[in-house]
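The figures that follow rest on heavy atoms only: side chains count, while hydrogens, waters and symmetry mates do not.
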Amino acid sequence: MDQHPRVRTVHDPELVDHLAFVWRDWEDAGLPAGYGRDRVVPYIFPTPGMLAGLPLRSPPAVHGRAGQFCYDTMTLVGPGSWAAIQGAADAALTAADTVASGEPLAYALCRPPGHHATRSAYGGSCYLNNAAIAAQGLRAAGARQIAIIDIDAHHGNGTQMIFYDRSDVWYGSLHVDPGAGWFPHYAGYEEECGRGDGEGFNRNLPLAPGTGDDGWIAALGALCREARALHPDVVVISLGLDAATGDPESPLRVTHAGYYVAGCLIGALGPAVLIQEGGYDLASLGGLAVAALAGAAEGAGLRASS
Ligand SMILES: [Zn+2]
């Protein structure tokens, strides 16, 4: 099955195949019916410390193989997962195609989100990296330079690592400091600046827990200035709404007004593809998205319809 050759330019084919077939294999192994395990959750992980230099094998047992591709225990796969995962990637590609064909802004309401998914592994409630897939799609459509700005409350370790060695896709992120105890814990530090050809094309601005509009918008302004200096053809925004005050998954304190201002800054950068990432306070998500998108339309010089 290869419905997404464009996805496979970003992700290892083995990861895509795993996501496409793991639920079928899990059911075939009798794990839901026989053992009450109604979601794919790995229980063994081939960490460098475990392998100690041995080559990585792909285990034949599906319950052993799950940890080859998933790096945590909170990113579940169930009966409808693959359809949703494909739908999110399709939405991101449609938004990228829309902007590539001349529209100034497009928003993809992706669920599940994507920015924690690396080239070969999923985790952090993310499976395929929708923003990276959009960025690669824009490159394939002729964009020379892409800037990705990630305003989700958490560092987009997947996006960072997918483009870490490249200069054609710059990645900048503001997020709660992983060193203060927040996901993804192992990445998102200021000194991670890129590698090889990508050196200087990765920028992390970790923020202290409790940071509100002033500090958050100042950091976003700094990222926008850096992005603008690259003269990107298109910007891709990882639009997380979980930096909002009251979100249960982050300690940042951004208001609706803050998200509107963020939208204005983003919209003023030029053509932009906005990709939905996190956001977990269901009662406020809609209003936050509207604030950000209205700001983006304003910043792009479009009249936002009410
Ligand atoms: Zn997040």
Main-chain N/O of Gly179 paired to Asp177 side chain as donor or acceptor, under 3.5 Å: yes
Close aromatic pair by centroid cut-off 6.0 Å: Trp216 and Tyr259: yes
Connected via hydrophobic side-chain network under 4.5 Å: Ile149 and Leu230: yes
Ion pair Arg139/Asp233, N-O distance below 4.0 Å: no
Parallel, tilted or perpendicular, as decided by the 30° and 60° cut-offs, for the rings of Phe183 and His154: perpendicular
Candidate pair Asp17 and Arg8, rule salt bridge (charged side-chain N to carboxylate O under 4.0 Å, His left out), full reasoning: CA-CA 10 Å; Asp17 287 342; Arg8 290 167 196 262; 3.1 Å; yes
Side-chain (Asp242) to main-chain (Ala153) donor-acceptor, under 3.5 angstrom: yes
Main-chain N/O of Ser120 paired to His11 side chain as donor or acceptor, under 3.5 Å: no
Under 3.5 Å donor-acceptor, Glu277 side chain and Gly114 backbone: yes
Option from Trp23, Tyr122, Trp82, Phe69 for which ring-ring contact (aromatic ring centres under 6.0 Å, His included) with Tyr127 holds: Tyr122
Presence of salt bridge, Asp213 and Arg253, under 4.0 angstrom: no
Heavy-atom pair of closest approach, residues Leu274 and Ala296: CD2-CB, 4.4 Å
Note, Tyr189 side chain near Pro206 side chain (heavy atom, < 4.5 Å): no
Over 12 foreign heavy atoms within 6.0 Å of CZ, Arg24: yes
side-chain hydrogen bond (donor to acceptor under 3.5 Å, both in side chains) between Thr75 and Asp72, worked out: CA-CA 7 Å; Thr75 309; Asp72 64 28; 2.9 Å; yes
Residue pair Pro251 / Trp182, side-chain heavy-atom distance below 4.5 Å: yes
Chi angles and distances behind the side-chain contact (heavy atoms from CB on, under 4.5 Å) call for Ile85, Leu128: CA-CA 7 Å; Ile85 294 163; Leu128 296 176; 3.5 Å; yes
Side chain proximity check, Phe45 to Gln68, heavy atoms < 4.5 angstrom: no
In one Ile/Leu/Val/Met/Phe/Trp/Tyr side-chain cluster, 4.5 Å: Ile237, Leu302: yes
Under-4.0 Å salt bridge between Asp197 and Arg166: no
Met74 atom CE: more than 12 heavy-atom contacts under 6.0 Å: yes
Backbone N/O of Pro112 and side chain of Asn130: donor-acceptor pair under 3.5 Å: yes
Any donor-acceptor pair under 3.5 Å from Arg203 side chain to Leu223 backbone: no
Heavy-atom donor-acceptor pair, Asn129 side chain to Ala132 backbone, under 3.5 Å: yes
Polar side-chain atom of His115 near backbone of Gly158 as donor-acceptor pair, under 3.5 Å: no
Whether over 12 other heavy atoms sit under 6.0 Å from Asp28 CG: yes
Side-chain donor-acceptor contact under 3.5 Å, Ser250 with Asp247: no
Co-membership, hydrophobic cluster, residues Leu285 and Ile151, 4.5 Å side-chain: yes
Heavy-atom side-chain contact between Gln276 and Leu241 under 4.5 Å: yes
Tyr164-Ile162 co-clustered via ILVMFWY side chain contacts under 4.5 Å: no
Joint cluster assignment, Leu288 & Leu293, ILVMFWY side-chain distance < 4.5 Å: yes
His155 and Gln160, any side-chain heavy atoms less than 4.5 Å apart: yes
Test log, rule side-chain hydrogen bond (donor to acceptor under 3.5 Å, both in side chains), inputs His175 and Asp150: CA-CA 8 Å; His175 49 268; Asp150 190 330; over 6 Å; no
No-hydrogen, no-angle side-chain donor-acceptor test under 3.5 Å, Glu103 and Thr98: no
Heavy-atom closest pair, residues Thr9 and Arg119: O-NH1, 3.8 Å
Value rounded to 0.5 Å, distance of CG in Leu56 from CE in Met50: 10.0 Å
Close side-chain approach of Tyr171 to Val169, heavy-atom, < 4.5 Å: no
Heavy-atom closest pair, residues Pro79 and Arg39: CD-NH1, 3.6 Å
Distance (rounded to the nearest 0.5 Å) between Leu15 CG and Leu19 CG: 4.5 Å
Distance-minimising heavy-atom pair for Asn202 and Gly194: CB-N, 3.6 Å
Test item: Val99 and Pro104 side chains (from C-beta on) under 4.5 Å apart, heavy atoms: no
Any donor-acceptor pair under 3.5 Å from Trp26 side chain to Asp38 backbone: no
Minimal non-hydrogen separation, Leu174 against Ala219, with atom names: CD1-CB, 4.0 Å
Minimum heavy-atom distance between Ala29 and Val62, given as atom pair plus value: CB-CG1, 3.9 Å
Heavy-atom side-chain proximity of Val235 to Ile148 below 4.5 angstrom: no
From CG (Leu138) to CD1 (Ile146), nearest 0.5 Å: 4.5 Å
